[in-house]
Colleague: 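Got a structure here, written out as structure tokens. Questions coming.
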Amino acid sequence: MRERIWAQLPLLLPWLLLPPPPLWGGPPDGRCPESEPEPGPLQPFDLLYASGVAAYYSGDYEVAVRDLEAALRSHRRLREICARCARHCAARRPLVPPGAGPGAELPFFRALLERARCYRSCQSQRLGGPASRHRASEDVRSDFQRRVPYNYLQRAYIKLNQLEKAVEAAHTFFMANPEHMEMQQNIKNYRTMVGVEDLQLVDRDAKPHLESYSEGVKHYEADDFELAIKYFEQALREYFNEDTECRALCEGPQRFEEYEYLGYKAGLYEAIADHYVQVLVCQHECVRELATRPGRLSPIENFLPLHYDYLQFAYYRVGEYVKALECAKAYLLLHPDDEDVRDNVDYYESLLDDSTDPASIQAREDLAMFVKHHKLESELIKSAAEGLGFSYTEPNYWIQYGGRQDENQVPSGVNVEGAEVHGLSTRKKSSPKIDRDLREGGPLLYENITFVYNSEQLNGTQRVLLDNVLSEEQCQELHSVASGIMLVGDGYRGKTSPHTPNEKFEGATVLKALKFGYEGRVPLKSARLFYDISEKARKIVESYFMLNSTLYFSYTHMVCRTALSGQQDRRNDLSHPIHADNCLLDPEANECWKEPPAYTFRDYSALLYMNDDFEGGEFIFTEMDAKTVTASIKPKCGRMISFSSGGENPHGVKAVTKGQRCAVALWFTLDPLYRELERIQADEVIAILDQEQPGKHKPNINPKDEL
């Protein structure tokens, strides 16, 4: 019986989940004269061939002949079209000047092949072997980008009693993970140890151009304009060096989002174009990359133009008016309508010697060349987007409201000595707003559920804490089934410790629980309980927050976090770092960016706890700074915390220092397009089970559900 139910799923589910087959052009009976191409889109020959073969084996020889002949015509027509387009485009868009003769394109491809050979040979010589040995997985590259190795290093150095190196490693990690409260505390603890209090903090992976820029701002604000000029000029040299390196690294392997690269079957020019456009967009984005500090999501506003804005004023203050004019004109290349700097240009020109023609003073060549190249890139990307059929919108790389706040006009009459200088703008962006009516206090639907706290009592927005959502018996049953279905690293690509090296993470989905139940590996009743209580939680959230539309499951996950023995001494990290569920939390900018890779479609979240026989593991809400705790909740059996998923509710989990903490984590969406696929499959399993065992199991639905 169980095997038969699961065997039905592959047949049932595709019809439930997939759109109807496409309607191809052509006559109703599918026939078309041999001499004419079929109207409408050309049917893929492989589909026609598969259909013809299937008809042959089923004994429907008329359909077999029809589809096989159509497959042959389609294959022939495809070859004709490809050849014709190749000849047409070679004539319309030649790679060499017209009339260059046969084989004139070969030198271009020879140069391309020689460049590839040189690159491969250079890498192999310097790496001491093939470069393929160094192609790390996405997870490993992500760890290095987030400086995770330094987290391990600082702990290892402490074990070796090398405090100075531990501080360096901890600080380097913290600079890329500013929301990591426990690392900040680690650094404080290290510095209070003997001989370490006065140690200067060192970021081992600091970006030179950002360090020099910060030094320039510091000296500028101290009115030390000579040193400010020195560091800003140094920052620009380092910036353009970094830009060259960033562009070179963009020429590496690219990810093709719409298809698997190994199955990619594009032609020569399509493949070159697809890859080159991705490289070009990557290179174009180096502007943003170089303006973003490690661990931050948003770049420093107006970063590159600000160098010239600071320099034009600093050069003026030291009496170098020609250089001040060059920098001011450079700034106007990116902000031609800035009236303050235009006034500065007029004023600087009035200060020049009579022998100097103001028109002969041009914008700085370094920025002029950069802007010219950047604009050509932009035009090429837009042209490619239009011609190749993909969407592209040019970002605003030079946000003008990021500027010096020192009244940077210097016409006569301005008291420059008394001008207030603040450096970068410190204005905070508004917190994210929820684009729906905020309501709460609806019925809880089920008996015995205890209301504990609402949003106001939890110091936030769209929050609720409830008790007795599960009984003690249900908690014990769920905790028992967890041990039979959990996989280490489930949901995190098998990573044993995805959030902290001090805990083991395990998880399981509803569909997996039901599958194990049908296979007899866990009690089917217990597996179904997981399904039922998650549906119960969904109904409660939908009702309490008085939502006008249906709330759908986005993801359902039973999770357990287990403290690892021998790794809890002096521990003060988090079990799960502070984050928001549908946006990328940026504590420094006081913003939460609702963009990929965040799960932007999530609207509400809930956590249903199964036990309390562990130490630590408190759930916490914070302000958007990811530091200021606004509410702390101790898990226990049957307790549920639910909240809206946006930046208004940053949250995390304190370290589990002893035992195992288990919960059912639930994320919901109001958009049916983002319904959880495994949940739909689990619904189908339950429907099949109910059909075959009528009356044996009735969902525990309270009459209040009908309200």
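Any value given below was found using the heavy atoms of this structure, including those in side chains, with hydrogens, waters and symmetry copies removed.
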Colleague: Please examine the side chains of V522 and F530, heavy atoms only from C-beta on, and report whether any two atoms are closer than 4.5 Å.
Modeller: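 Of all side-chain heavy-atom pairs linking V522 with F530, none is under 4.5 Å.
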Colleague: Report yes if the side chains of K536 and D532 come closer than 4.5 Å at any heavy-atom pair, otherwise no.
Modeller: no
Colleague: Does a side-chain heavy-atom distance below 4.5 Å link V481 with F516?
Modeller: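 The answer is no; the side chains never approach within 4.5 Å.
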Colleague: Excluding sequence neighbours, so at least two apart, what forms side chain to side chain donor-acceptor pair (under 3.5 Å) with R679?
Modeller: S534
Colleague: Is the shortest heavy-atom distance from the side chain of Y604 to the side chain of D581 under 4.5 Å?
Modeller: no
Colleague: Okay, side chain of Q283, backbone of V281: is any donor-acceptor separation there less than 3.5 Å?
Modeller: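 Not a single qualifying donor-acceptor pair exists.
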Colleague: At what distance, to the nearest 0.5 angstrom, does CE of M546 lie from OH of Y544?
Modeller: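 Here the rounded value is 10.0 Å.
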Colleague: How long is the span from the CD atom in E519 to the NZ atom in K515, to the nearest 0.5 Å?
Modeller: 3.5 Å
Colleague: Quick check: Y552 with Y674 (ring centres under 6.0 Å apart)?
Modeller: no
Colleague: Would you kindly say whether S644 and N649 are connected by a side-chain donor-acceptor distance under 3.5 Å?
Modeller: yes
Colleague: Hey, does the side chain of S642 reach the backbone of S605 with a donor-acceptor pair shorter than 3.5 angstrom?
Modeller: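 A pair under 3.5 Å: yes.
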Colleague: Could you tell me whether the side chain of H576 reaches within less than 4.5 Å of the side chain of H579, counting heavy atoms only?
Modeller: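 Yes, close enough: below the 4.5 Å cut-off.
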Colleague: Has E289 got more than 12 heavy atoms of other residues, nucleotides or ligands less than 6.0 Å from its CD?
Modeller: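 Check fails, neighbour count at 12 or below.
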Colleague: Once rounded to the nearest 0.5 Å, what's the spacing between atom OG of S483 and atom CG of L478?
Modeller: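 So the OG of S483 and the CG of L478 are separated by 11.5 Å.
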Colleague: After noting the C-alpha distance and the side-chain angles of E62 and R66, does the key distance pass the salt bridge (Lys or Arg N to Asp or Glu O under 4.0 Å) rule?
Modeller: CA-CA 6 Å; E62 287 190 9; R66 183 195 69 188; over 6 Å; no
Colleague: Would you confirm whether T669, through its side chain, and F601, through its main-chain N or O, come within 3.5 Å as a donor-acceptor pair?
Modeller: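 Looks like yes, one N/O pair under 3.5 Å.
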Colleague: Should the ring pair F668 and F553 be called parallel, tilted or perpendicular, given that the plane angle runs from 0 to 90° and is split at 30 and 60?
Modeller: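 Taking F553 first and then F668, their aromatic rings sit tilted (interplane angle of 30° to 60°).
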Colleague: With salt bridge (Lys or Arg N to Asp or Glu O under 4.0 Å) as the test, would you mind laying out the steps for K539 and E542 before giving the verdict?
Modeller: CA-CA 5 Å; K539 289 177 178 288; E542 183 181 85; over 6 Å; no
Colleague: Is any side-chain heavy atom of I533 less than 4.5 Å from a side-chain heavy atom of L608?
Modeller: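 Side-chain contact under 4.5 Å: yes.
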Colleague: Let's test your reading of the model: do C560 and C662 have SG atoms under 2.5 angstrom apart?
Modeller: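 Yes, because the SG atoms of C560 and C662 sit under 2.5 Å apart, which meets the disulfide cut-off.
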Colleague: Should E386 and K382 be marked as a salt bridge (Lys or Arg N to Asp or Glu O under 4.0 Å) after you check the CA-CA gap, both sets of side-chain angles, and the distance that decides it?
Modeller: CA-CA 6 Å; E386 182 179 351; K382 291 175 182 176; over 6 Å; no
Colleague: With a sphere of 6.0 Å drawn around OH of Y599, does it hold more than 12 non-hydrogen atoms of other residues, nucleotides or ligands?
Modeller: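 At most 12 heavy atoms, drawn from other residues, nucleotides or ligands, come within 6.0 Å of this atom.
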Colleague: Any chance you could lay out the side chain to side chain donor-acceptor pair (under 3.5 Å) test for T600 and N582, step after step, and finish with the verdict?
Modeller: CA-CA 4 Å; T600 56; N582 73 6; over 6 Å; no
Colleague: To the nearest 0.5 Å, tell me how far F643 CZ sits from Q462 CD.
Modeller: 12.0 Å
Colleague: Return the minimal non-hydrogen interatomic distance between R538 and L551, and the atom names on each side.
Modeller: NH1-O, 2.9 Å
Colleague: With no hydrogens and no angle check, just 3.5 Å: does a side-chain donor-acceptor pair link Y555 and E678?
Modeller: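 The criterion, which ignores hydrogens and geometry beyond distance, is not satisfied for E678 and Y555.
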Colleague: Taking it one step at a time, do S378 and E394 satisfy side chain to side chain donor-acceptor pair (under 3.5 Å)?
Modeller: CA-CA 7 Å; S378 177; E394 177 82 359; 3.2 Å; yes
Colleague: Locate the shortest heavy-atom distance separating C250 from C286; write the atom from each residue and the value.
Modeller: SG-SG, 4.1 Å
Colleague: Measuring from L290:CG to E285:CD, what's the distance to the nearest 0.5 Å?
Modeller: 11.5 Å
Colleague: May I ask you to test the T509-T556 pair for a side-chain heavy-atom distance under 4.5 Å?
Modeller: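 Not in contact.
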Colleague: Find the distance between CD (E676) and OG (S554) and round it off to the nearest 0.5 Å.
Modeller: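 Answer for the CD-OG pair, E676 versus S554, is 7.0 Å.
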Colleague: Got a sec, which residues hit side-chain contact (heavy atoms from CB on, under 4.5 Å) with A537, two or more places apart in sequence or on another chain?
Modeller: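 Partners of A537 under the side-chain contact (heavy atoms from CB on, under 4.5 Å) test: M640, L666.
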Colleague: Between Y531 and D683, is a side chain to side chain donor-acceptor pair (under 3.5 Å) present by the stated rule, with each step listed?
Modeller: CA-CA 9 Å; Y531 175 91; D683 292 341; 2.6 Å; yes
Colleague: Distance only, no hydrogens: is a donor on one side chain within 3.5 Å (strictly under) of an acceptor on the other, for D603 and S645?
Modeller: no
Colleague: Could you check E377 against R247 for salt bridge (Lys or Arg N to Asp or Glu O under 4.0 Å), going step by step and ending with a plain yes or no?
Modeller: CA-CA 12 Å; E377 278 182 345; R247 290 172 178 278; 2.3 Å; yes
Colleague: Any side-chain heavy-atom pair from L585 and W593 closer than 4.5 angstrom?
Modeller: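 They are not in side-chain contact.
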Colleague: K375 vs V371, test: side chain to side chain contact (heavy atoms under 4.5 Å, CB included). Steps then yes/no.
Modeller: CA-CA 6 Å; K375 288 181 177 178; V371 170; 3.6 Å; yes
Colleague: Which word best sums up how the rings of F505 and H557 line up, parallel for under 30°, tilted for 30 to 60°, or perpendicular for over 60°?
Modeller: tilted
Colleague: Looking only at side-chain N and O atoms, does D67 offer a donor or acceptor that is under 3.5 Å from a partner on S51?
Modeller: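 Yes, a side-chain donor-acceptor pair sits under 3.5 Å.
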